[in-house]
Amino acid sequence: TIPDETYDLNQGIGNMQQYFTVLEKFQFSLTDDDFDKKWKCVGWPRKLEETIDHEEELLEKDRERFHENMVADQENFSKEVDRLSKLVAGYYKRTDIKKVVDIAADVKHINQQLLDCREKATLFNQREILFEKEKSDYFQLSAVIKDFEPYYSLWTTANDWLNWYHSWMNDPFTNLDPEQMEKDVNQAWKTMYKSVRTFKDKPAILKIAEDIKAQIDEFKPIMPTVKYLRNQGMRDRHWNQLSKELGFEVRPGVTLVTMQDVYGLELSLHQDVILKVSEVAGKEHGIEKNLAQMKDEWKEMQFEIQPYKYDGVYIMKGADEVQQLLDDHQTLTQGLQFSPFKKIFDTEIDEWDGHLRLMNKILEEWLNVQKNWLYLEPIFQSEDIMRQLPSEAKRFATVNRIWKSLLSAAHENPFCYPYMTQTENCLEQF
């Protein structure tokens with residue numbers, strides 16, 4: 001700090017003055033430059049004190065100015081809160097549903113102003129702490145925000161609902177997202193249910209909430225049918241089956257162009273039939289996704305092949321991750337084989353199961369061979385052993401050649417699935 005530093009400097013200056021006193025007793029003549037430096041140095045503590053006093057005076061003036069600005073800002077802030085309070089208090093008069101777009105934009109604007117005011121209130125409280133003042137309680141602002149929330153929810157939800165409904169009824173049926181639709185419908189219904197209770201003493205506003213809620217209530221029963229029809233697993237075979245069971249054509253882009261066709265074909269009357277077909281489609285889609293996911297997981301799985309002692313010789317470092325994936329996929333594939341919905345995928349499942357079994361056998365043989373090879377390789381490097389066991393040495397040489405060839409290929413193509421399923425006679429060689 002400055003006081004600590006000036007204390008040390010003053011000590012140094014005091015010591016210096018003692019030296020100069022001794023020099024004067026001996027009538028030592030100082031040069032003009034040394035004489036000037038001496039008195040400048042002696043005068044610095046006083047000059048520094050004057051500078052500190054001046055800066056503290058400036059800081060106090062700044063503090064007073066900032067405080068005055070804050071007080072002025074708070075006065076303007078209070079006026080803004082008063083204005084918003086009056087605006088919110090009279091908002092029950094906005095009752096024209098035909099102007100919902102404009103009113104929704106207005107409530108969003110007012111809500112943003114209220115949020116901005118809340119941020120300012122927090123900032124003022126922080127500044128009051130700096131000025132060591134008691135924190136102001138902006139209870140009026142909190143009350144205005146609380147009072148306005150029902151209007152904001154009502155009008156923004158009403159506007160959203162009308163936009164959603166128009167979009168759902170007129171956009172291509174294949175663009176509908178039933179899960180998002182269900183979330184939007186449920187949230188809008190909850191908001192309107194709450195609005196009906198909140199505005200029970202304001203008849204004009206209450207009617208808007210009741211009308212929107214009635215529209216949602218009328219729409220909700222069609223949602224299960226839409227959800228079944230928009231099942232991601234629905235394929236041509238399912239649309240064919242559904243059309244056959246209903247006795248008329250039901251197909252996206254043909255008879256199901258927009259959601260209006262769901263009403264036009266009265267499909268909600270056949271919800272049980274649609275559900276049955278949709279459930280089958282969903283189960284089959286689950287099998288399809290599982291098969292695709294397993295194949296995707298093998299695309300990036302690689303063996304960890306590392307060099308051994310000699311150039312061009314490799315071994316597999318570890319296979320725990322590969323073995324774990326194999327075990328998981330074999331368990332999952334066995335589950336698919338027992339699924340009552342597997343018929344359409346029988347060939348694909350059996351082929352995939354065959355690949356997994358092959359890879360499992362190869363990995364088992366590979367690890368077994370590697371274990372024995374690592375044990376025997378240093379033994380048959382000895383010329384004495386080769387002379388004593390010529391027949392075994394010859395057999396090991398054959399194994400060694402095949403081993404090096406297989407591991408070199410694995411080093412060049414470390415991706416597990418293609419290596420084990422496409423390498424010619426891979427299992428037999430191991």
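Keep in mind that this is a model prediction, so the values were computed, not measured.
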Notebook entry, point to check: So, Q140 and D82: side-chain donor and acceptor under 3.5 Å apart, yes or no?
Noted result: yes

Checklist line | Backbone N/O of G233 and side chain of H238: donor-acceptor pair under 3.5 Å | finding: yes

Check: Are any of the side-chain nitrogens in E80 or R83 under 4.0 Å away from the carboxylate oxygens of its partner?
Finding: yes

Notebook entry, point to check: Is there any salt bridge (charged side-chain N to carboxylate O under 4.0 Å, His left out) pair reaching into residues 224-237, and which pairs are they, with sequence neighbours excluded?
Noted result: E182-K227, R235-E288, D236-R251, R237-E284

Note to self: Salt bridge or not between E57 and K61? Use side-chain N to carboxylate O under 4.0 Å.
What the structure shows: yes

Notebook entry, point to check: After noting the C-alpha distance and the side-chain angles of F303 and M420, does the key distance pass the side chain to side chain contact (heavy atoms under 4.5 Å, CB included) rule?
Noted result: CA-CA 11 Å; F303 293 117; M420 291 193 285; 3.7 Å; yes

Check: Are the charged groups of D116 and K120 less than 4.0 angstrom apart, N to O?
Finding: no

Item checked: Under-4.0 Å salt bridge between K299 and D296 -> yes

Item checked: Side-chain donor-acceptor contact under 3.5 Å, N170 with Q260 -> yes

Notebook entry, point to check: Salt bridge or not for K276 and D272, using N-O below 4.0 Å?
Noted result: no

Check: Between the side chains of D106 and Y151, does any donor sit under 3.5 Å from an acceptor?
Finding: no

Note to self: Tell me whether S243 contacts the main-chain N or O of W239 through its side chain, where contact means a donor paired with an acceptor under 3.5 Å.
What the structure shows: yes

Margin query: Below 30° counts as parallel, above 60° as perpendicular, anything between as tilted: where do the rings of W168 and W164 land?
Written below: parallel

Margin query: Strictly by ring pair (Phe, Tyr, Trp, His ring centres under 6.0 Å), give each pair with a member in residues 102-125 just once, sequence neighbours left out.
Written below: F77-F124

